[in-house]
Structure formats: structure tokens, C-alpha cells
Amino acid sequence: MQTIQHINIDDTLNSGQVFLWERNGRFWYGIDGQKIIRVGQNPFEVSSSSPADNYFREDDDYDSIKKELSRDRTVRNAIQAFPSLRLIRQDPFQCLVTFIVSSNSNILRIRNNLGKLCRRFGKKVQFDGKSFCLFPEPKQVAETPVKDLLDCGMGYRAKHVKAAAEAVSSGALELDKLKELDYHSAKDQLIQIAGVGNKVADCILLFSLEKTDAFPIDTWMLKVLRKYYSKQFEISSKTITEKQYDVLHQRLVSYFGEYCGYAQQFLFKMERDINQKKWF
DNA sequence: TACTAACCTGTACG
DNA sequence: ACGTACAGGTTAG
């Protein structure tokens with residue numbers, strides 16, 4: 001006998017994947033593209049303003065993924081600490097904007113930037129007796145002057161956000177089609193967008209485009225790799241070059257397997273919590 | 001090809 | 001309080 005869903009909402013929503021969630025009493029409410037999602041923990045339940053299919057990747061064989069990843073001692077410890085931490089399946093456009101905005105920023109600021117963007121340009125809706133602002137659609141952002149995006153506090157990222165929205169809105173970048181491609185083909189297209197480099201692309205691929213073999217390598221992952229994996233993945237420099245990133249990713253995939261993105265999420269959550277970093 | 005500094009600006013820390 | 005450094009990186013040179 002086992003519980004219906006192995007999903008710890010607090011851990012999952014506070015692991016750096018999503019930024020537009022808020023707790024209200026027994027429930028958490030979040031913005032995902034053109035819908036509002038509500039989740040409660042005991043008992044676990046999800047409802048939404050329009051169908052949100054498998055937002056928490058309920059369709060993954062979670063137990064067998066964890067079992068496979070547990071071959072590694074460090075990931076096994078992280079899984080033990082956060083046994084119901086899930087990867088989230090996000091709206092691709094929101095995810096694209098989110099991680100462009102995230103570059104060289106911090107979590108609280110990212111949250112504030114995105115919140116302002118929604119309040120200023122997103123459609124206002126009612127759900128569960130409360131009012132919310134949806135994430136603005138690509139066309140809406142594409143038509144917004146950079147000046148107004150700057151008011152959201154995005155700084156130099158504002159022009160990248162607008163350009164990305166233009167690419168999506170014009171059809172030059174078809175996000176949904178990237179889901180059908182393999183990791184490298186999809187990544188090649190994402191990298192074309194200004195403001196999207198290796199790390200940001202990997203976040204978008206992992207969190208919204210079905211690429212569980214993506215492994216975003218940020219400063220925290222470098223810290224983790226140095227601390228626990230100095231033997232397997234030696235990292236000498238303070239930062240890594242594009243080439244080193246690619247080589248490292250390849251080795252991470254062959255070490256952790258096709259679900260290495262999950263390993264990244266467990267490790268990231270563990271290390272941030274150890275360092276008592278605030279999520280919101 | 002590899003390495004550096006500059007980049008907007010809100011928070012965090014002293 | 002008030003200044004200074006840093007932040008889930010990317011890019012131009």
C-alpha cells in the first residue's frame with residue numbers, strides 16, 4: 001500500500017524551478033502560462049482554471065527514477081532528505097522568459113520582476129473566489145515597449161525578453177515543436193535567442209520541454225561538483241567555458257543517465273538548503 | 001579557442 | 001542607517 005501521490009509541495013515549489021507561487025492558508029496558488037493552479041498537501045490535490053495535465057510529472061515512473069539515481073551516494077542522500085521533490089512541467093513561454101530574467105540575478109528579484117510583468121500585462125482572472133493575473137502571452141510582451149519592461153525591474157534583460165517574445169509570437173521559434181526534438185537539436189534553437197546561453201537553455205529544456213537529460217550547471221552546481229564529485233568531475237577554474245560546459249554535460253549524462261535532470265534538482269535543493277539560502 | 005570585464009539594479013550583508 | 005558586493009549568466013572583445 002502506498003499514498004496516492006509522492007509529491008511534497010513545499011519542497012517542490014521551493015526548489016528554484018518556479019517563482020510565481022504563493023501560499024494562502026491550506027493551499028498554494030500558482031501562475032502557469034494562461035492558467036492558475038491550486039494545490040493542497042493533505043490530502044494531495046490539484047485543481048486549475050483550465051486543465052493542467054501532469055504539472056508535477058505524475059506520469060514519470062518516479063520510484064524507478066529515484067532508484068536508478070540512488071546508485072550515486074550523494075544523490076541518494078539528497079533523495080533521502082527530499083524524498084518527494086518533483087520536477088515540474090511548466091508553460092514553455094513563461095519558462096523562457098523566467099530564465100532569461102534569472103541571469104545574474106537572485107531569486108527574490110526574479111520573483112518580483114515576473115510578478116510585476118504579470119500584474120501589468122497579464123490578463124486578470126478570477127479563480128477559487130480570488131483574483132489573479134495570468135502570465136502575458138507572447139504577442140502581448142512582443143508589443144510592449146522595452147521601457148515598460150524596464151519598469152518591471154529586469155534591467156538589461158528587458159530587451160532580451162522582448163526579442164524572445166517576438167521570436168515566439170512571429171513563429172520564428174516554435175517552442176512546442178522543440179518538445180519533439182532531441183536535447184541537442186532543441187538546444188541549438190534556444191541558444192539562438194539573445195540572453196539564452198548554456199545554463200538558461202538547459203533550464204528551459206528541463207522544466208518545460210521534456211528534456212530530462214538536461215542538467216543546468218550554475219554556480220551552485222559547480223559548488224556541488226567541486227564539493228562531492230572532485231574525483232569524477234574535476235573543475236579547476238572559478239567559471240567554466242562553453243566548451244567545458246558541453247564536455248561536462250556529456251559526462252554527467254553518462255554518469256547519471258537519461259534522468260540526470262532529476263539528479264540536478266535533488267542536488268540543487270540540498271545544497272541551497274544546507275547553505276540556508278532563502279527561496280522567497 | 002580561451003579568458004575577462006561589463007552589464008541593470010534589487011537585496012543582502014557589514 | 002548607508003555604502004558596497006553580489007546575484008541560478010551572457011556576451012562582446
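In the text below, chain A, chain B and the rest are named by the order of the sequence lines, each starting its count at 1. Heavy atoms only: backbone and side chains are in, while hydrogens, waters and symmetry mates are out.
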Taking any heavy-atom pair under 4.0 Å as a contact, classify [X]: base, sugar-phosphate, or nothing.
| X | result |
| --- | --- |
| A:Q265 | nothing |
| A:S15 | base |
| A:Q244 | nothing |
| A:F99 | nothing |

I'd like to know if the side chain of [X] and the backbone of [Y] have a donor-acceptor N/O pair within less than 3.5 Å.
| X | Y | value |
| --- | --- | --- |
| A:Q192 | A:D188 | yes |
| A:E58 | A:F56 | yes |
| A:Q189 | A:E174 | no |

For [Y] together with [X], are the ring centres under 6.0 Å from each other?
| X | Y | value |
| --- | --- | --- |
| A:Y183 | A:H249 | yes |
| A:Y29 | A:F132 | yes |
| A:F256 | A:Y262 | no |
| A:F233 | A:Y255 | yes |

[X] has an atom [atom1]; how far is it from atom [atom2] of [N], in whole Å?
| X | N | atom1 | atom2 | answer |
| --- | --- | --- | --- | --- |
| A:I204 | C:dG9 | CD1 | P | 14 Å |
| A:L190 | C:dG9 | CG | P | 18 Å |
| A:L248 | C:dG9 | CG | C1' | 16 Å |
| A:I107 | C:dG9 | CD1 | P | 10 Å |

Provide a list of protein-nucleic acid N or O atom pairs under 3.5 angstrom, restricted to nucleotides 10-13 of chain C.
{"residue": "C:dT10", "atom": "OP1", "partner": "A:G197", "partner atom": "N", "Å": "2.8"}
{"residue": "C:dT10", "atom": "OP1", "partner": "A:G197", "partner atom": "O", "Å": "3.3"}
{"residue": "C:dT10", "atom": "OP1", "partner": "A:V200", "partner atom": "N", "Å": "2.9"}
{"residue": "C:dT11", "atom": "OP1", "partner": "A:G195", "partner atom": "N", "Å": "2.8"}

Exercise. Just by protein heavy atoms under 4.0 Å, how would nucleotides 7-14 of chain B read 5' to 3' in B, S and -?
Worked result: BBBBSS--
For this session: Using the P atom on both, measure C:dG13 against B:dC8 and round to a whole Å.
Result: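 Each nucleotide's P atom is 13 Å from the other's.
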Exercise. If the P atom of C:dA5 is compared with that of B:dA5, how far apart are they to the nearest Å?
Worked result: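 Looking at atom P only, C:dA5 and B:dA5 are 15 Å apart.
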Exercise. Atom CG of A:L134 and atom SG of A:C118: how far apart are they, to the nearest 0.5 Å?
Worked result: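 These two atoms lie 8.0 Å from each other.
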Problem set entry | NZ or CZ of A:R86 within 45° of A:Y62 ring axis and under 6.0 Å |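 Flagged: A:R86 positioned over aromatic ring of A:Y62.
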Exercise. In which stems does DNA chain B show up, taking only runs of three or more Watson-Crick or G-U wobble pairs whose two distances fall under 3.5 Å?
Worked result: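 Stem list for DNA chain B: B:3-7 with C:9-13, B:9-14 with C:2-7.
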Exercise. Hey, are the side chains of A:D151 and A:D148 touching, using non-hydrogen atoms and a 4.5 Å cut-off?
Worked result: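 Result yes, sub-4.5 Å side-chain heavy-atom pair found.
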Exercise. Under 6.0 Å from the NZ atom of A:K67, do we count more than 12 heavy atoms belonging to anything else shown?
Worked result: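 No - once you tally the heavy atoms of other residues, nucleotides and ligands closer than 6.0 Å, there are 12 at most.
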